[in-house]
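Below: one structure in structure tokens.
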Amino acid sequence: MRRALAGIALAVTSMVALSFLVPLALLVREQARDRVTTAAEQRAAALSPVLALTTRRADVQQAVAELGSADQLVVRLPDGGFVGTPHAPEEALDRAVRGRETLAVDTADGWAYLQPVVLRGDRVAVVEAYVPAADLTRGVAASWGVMALLAVGLVGGSVLVADRLGARVVRSSRGLKRASLALGSGDLGVRVEPDGPPELQEAGAAFNTMADRVVDLLAVERELVADLSHRLRTPLTALYLEADRMGATPSARRVTEAAGQLERELDSIIAAARTPLASAQLAGAGAGTAKPCDLAEVVALRLDFWSVLATQQERPFERSLTPRPTPVAFPEDDLAAVVDALIGNVFRHTPQGTRFLVRVERRDRHVHLTVDDAGGGVADPEAALTRGVSVGGSTGLGLDIVARAARTADGELTISRAPLGGARVMVSFALADTRSATGGER
């Protein structure tokens, strides 16, 4: 923007300066010429009374010496003789004598003014006032130089002012940009000092208001999440009591383990929600900062957990996990939540007894987690990936959590038709060390 404003100022000021300087330069040259030619005409007119009184060469020479030099003031006497050295062409002198007319003649060396003087006896003398070419333009170059310097100063000043104004605008814009990027990366304490033109000052004030509002909304959201999570402790306590009443049975043990895991998840949610700026910091954190974990191992552990429920619901399932390492730069707890969301969708949205398959494959640069089922499939995959929109009566957040996790790990989520007849959900994660990836699954 600074360069554009400086260019505009340079172009506009240059055009304005030229529109004034060109006519002014011509006027200065004409005025300098008029000044010396007028002085020459006055000298010639001052010699006319002398010729009217006498044409003696000595008297005329004395009068010429008093009015000017012999080189610039010449008299052609009626007898054809000259006092001084003429500069005008012979034809011009003859024309002035015959026609008795005043002439101004440009010569190769300057300018000559011929003024005829009619004497007694119908005799004619001619006074020639000569101005050398150097005198015609004396002082013009200096005047043009002064005007050029003035024009350069004006143009340079306008460009400098435009550059300073542009720098102020650019500085304010860059400050607003940096603050916006910082706010987007999780720094909720960033604010801008409104500066620059009034429009940018208003934008800066609006940004500060927006940032304050975001902080307030996030505070309300954190409290709401913490309160909702805390409200879940009541049914969780009921689960513990129910497990105690069931006695030391395998079912009671599984309920206790599930309740314990749920309690740990609630504690982590409450702690994260109560932490200032937790949401923004988590949103700004990249997957590359997480400690790598093995996807196949996490999937195996979660399948062991879900296998108990699958057995109770008579759901046959298969697992196909690559024996090769599958390190992904993603937190293990979050990765487990992704696996639980995918397998949990099978249990929630398909009838009991529905078959499903879980597969982990390693490719060149990514590792793929695929969950197939033999249910009814997903009629609208695009709607299923929309946050808050459910195609099966749930909250609609499960697949959105999986999709966001895939994007964070430089992967993607796709939904298609599975060979089993139901839905196929495939999630890809970038390998933590792609240099070790030498080929596809074997």
Side-chain angles (χ1 to χ4, degrees), residues 225 229 257-258 260-273 278-279 281-310 317-348 356-373 384-385 387 394-415 423-434 436-437 441:
V225 171
S229 301
E257 292 176 356
Q261 181 182 1
L262 180 57
E263 185 176 16
R264 289 190 296 272
E265 292 291 339
L266 289 177
D267 290 339
S268 64
I269 292 175
I270 294 174
S279 301
Q281 290 170 351
L282 288 176
T289 60
K291 181 180 179 181
C293 62
D294 193 282
L295 175 61
E297 295 179 358
V298 174
V299 172
L301 291 175
R302 298 316 301 160
L303 272 176
D304 292 341
F305 171 81
W306 286 99
S307 62
V308 177
L309 183 58
F317 71 94
E318 300 178 20
R319 67 175 72 190
S320 176
L321 308 180
T322 176
R324 303 173 62 195
T326 55
V328 293
F330 205 73
E332 184 175 352
D333 293 341
D334 294 342
L335 194 58
V338 170
V339 177
D340 288 341
L342 293 177
I343 301 178
N345 277 342
V346 176
F347 282 81
R348 281 190 294 269
F356 68 95
L357 167 67
V358 179
R359 178 184 295 108
V360 175
E361 300 174 295
R362 175 169 169 166
R363 304 292 175 83
D364 291 341
R365 296 181 179 274
H366 289 78
V367 55
H368 294 268
L369 169 61
T370 305
V371 177
D372 294 346
D373 63 66
L385 294 176
R387 183 176 178 85
S394 63
T395 59
L397 297 179
L399 288 180
D400 179 73
I401 293 174
V402 176
R404 286 190 291 114
R407 289 194 297 269
T408 303
D410 192 21
E412 61 179 354
L413 168 65
T414 58
I415 301 176
R424 162 170 285 186
V425 181
M426 178 180 292
V427 189
S428 64
F429 299 90
L431 287 169
D433 186 4
T434 57
S436 63
E441 185 65 42

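All heavy atoms count here, side chains included; hydrogens, waters and symmetry mates do not. In this text, all values refer to a predicted model and were calculated from it rather than measured experimentally.
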(request) Please test Arg359 against Met426 for side-chain contact (heavy atoms from CB on, under 4.5 Å), starting from the C-alpha separation and ending with a verdict. (result) CA-CA 9 Å; Arg359 178 184 295 108; Met426 178 180 292; over 6 Å; no
(message) Within the 4.5 Å heavy-atom criterion, are Leu303 and Ile343 side-chain neighbours or not?
(response) yes
(request) Please report the closest heavy-atom contact between Phe429 and Ala409, naming both atoms and the distance. (result) CD2-CB, 3.5 Å
(request) Would you confirm whether Asp373, through its side chain, and Ala423, through its main-chain N or O, come within 3.5 Å as a donor-acceptor pair? (result) yes
(message) Quick one, His368 and Val427 - any side-chain contact, counting heavy atoms below 4.5 Å?
(response) no
(request) Considering only NZ, NE, NH1 and NH2 on the basic side and carboxylate oxygens on the acidic side, decide whether Arg319 and Asp304 come within less than 4.0 Å. (result) yes
(message) Quick check: closest heavy atoms across Ala432 and Ala329, and the distance to 0.1 Å?
(response) CB-N, 3.9 Å
(request) Kindly give the heavy-atom pair with the smallest separation between Arg362 and Thr322, and that separation in Å. (result) N-CG2, 4.3 Å
(request) Over all heavy atoms of both residues, which pair between Val338 and Ala405 is shortest? Give the atoms and the distance, please. (result) CG2-CB, 3.6 Å
(request) May I have the step-by-step check of side-chain contact (heavy atoms from CB on, under 4.5 Å) for Leu431 and Arg365, ending in yes or no? (result) CA-CA 6 Å; Leu431 287 169; Arg365 296 181 179 274; 5.6 Å; no
(request) Any chance you could lay out the side-chain contact (heavy atoms from CB on, under 4.5 Å) test for Ile415 and Arg424, step after step, and finish with the verdict? (result) CA-CA 6 Å; Ile415 301 176; Arg424 162 170 285 186; over 6 Å; no
(message) Can you give me the closest heavy-atom contact between Arg302 and Ala336, atom names plus distance?
(response) CD-CB, 4.0 Å
(message) The test is side-chain contact (heavy atoms from CB on, under 4.5 Å); show your working for Val328 and Cys293 and say whether it passes.
(response) CA-CA 6 Å; Val328 293; Cys293 62; 4.3 Å; yes
(request) Using a 4.5 Å cut-off on heavy atoms from C-beta on, say whether the side chain of Val425 contacts that of Thr370. (result) no
(request) Determine yes or no for a side-chain-to-main-chain donor-acceptor pair under 3.5 angstrom, with Asp294 supplying the side chain and Thr326 the backbone. (result) yes
(message) So that I know where these two stand, are Phe317 and Trp306 an aromatic pair - ring centroids less than 6.0 Å apart?
(response) no
(message) Is the shortest side-chain heavy-atom distance between Val367 and Glu361 below 4.5 Å?
(response) no
(request) Indicate the atoms forming the closest heavy-atom contact of Ala296 with Leu321, along with that distance. (result) O-CD1, 3.9 Å
(request) Kindly indicate whether the side chain of Leu357, heavy atoms from C-beta on, has any atom under 4.5 Å from the side chain of Val371. (result) no
(message) So Asp372 and Phe356, do their side chains get closer than 4.5 Å, heavy atoms only?
(response) no
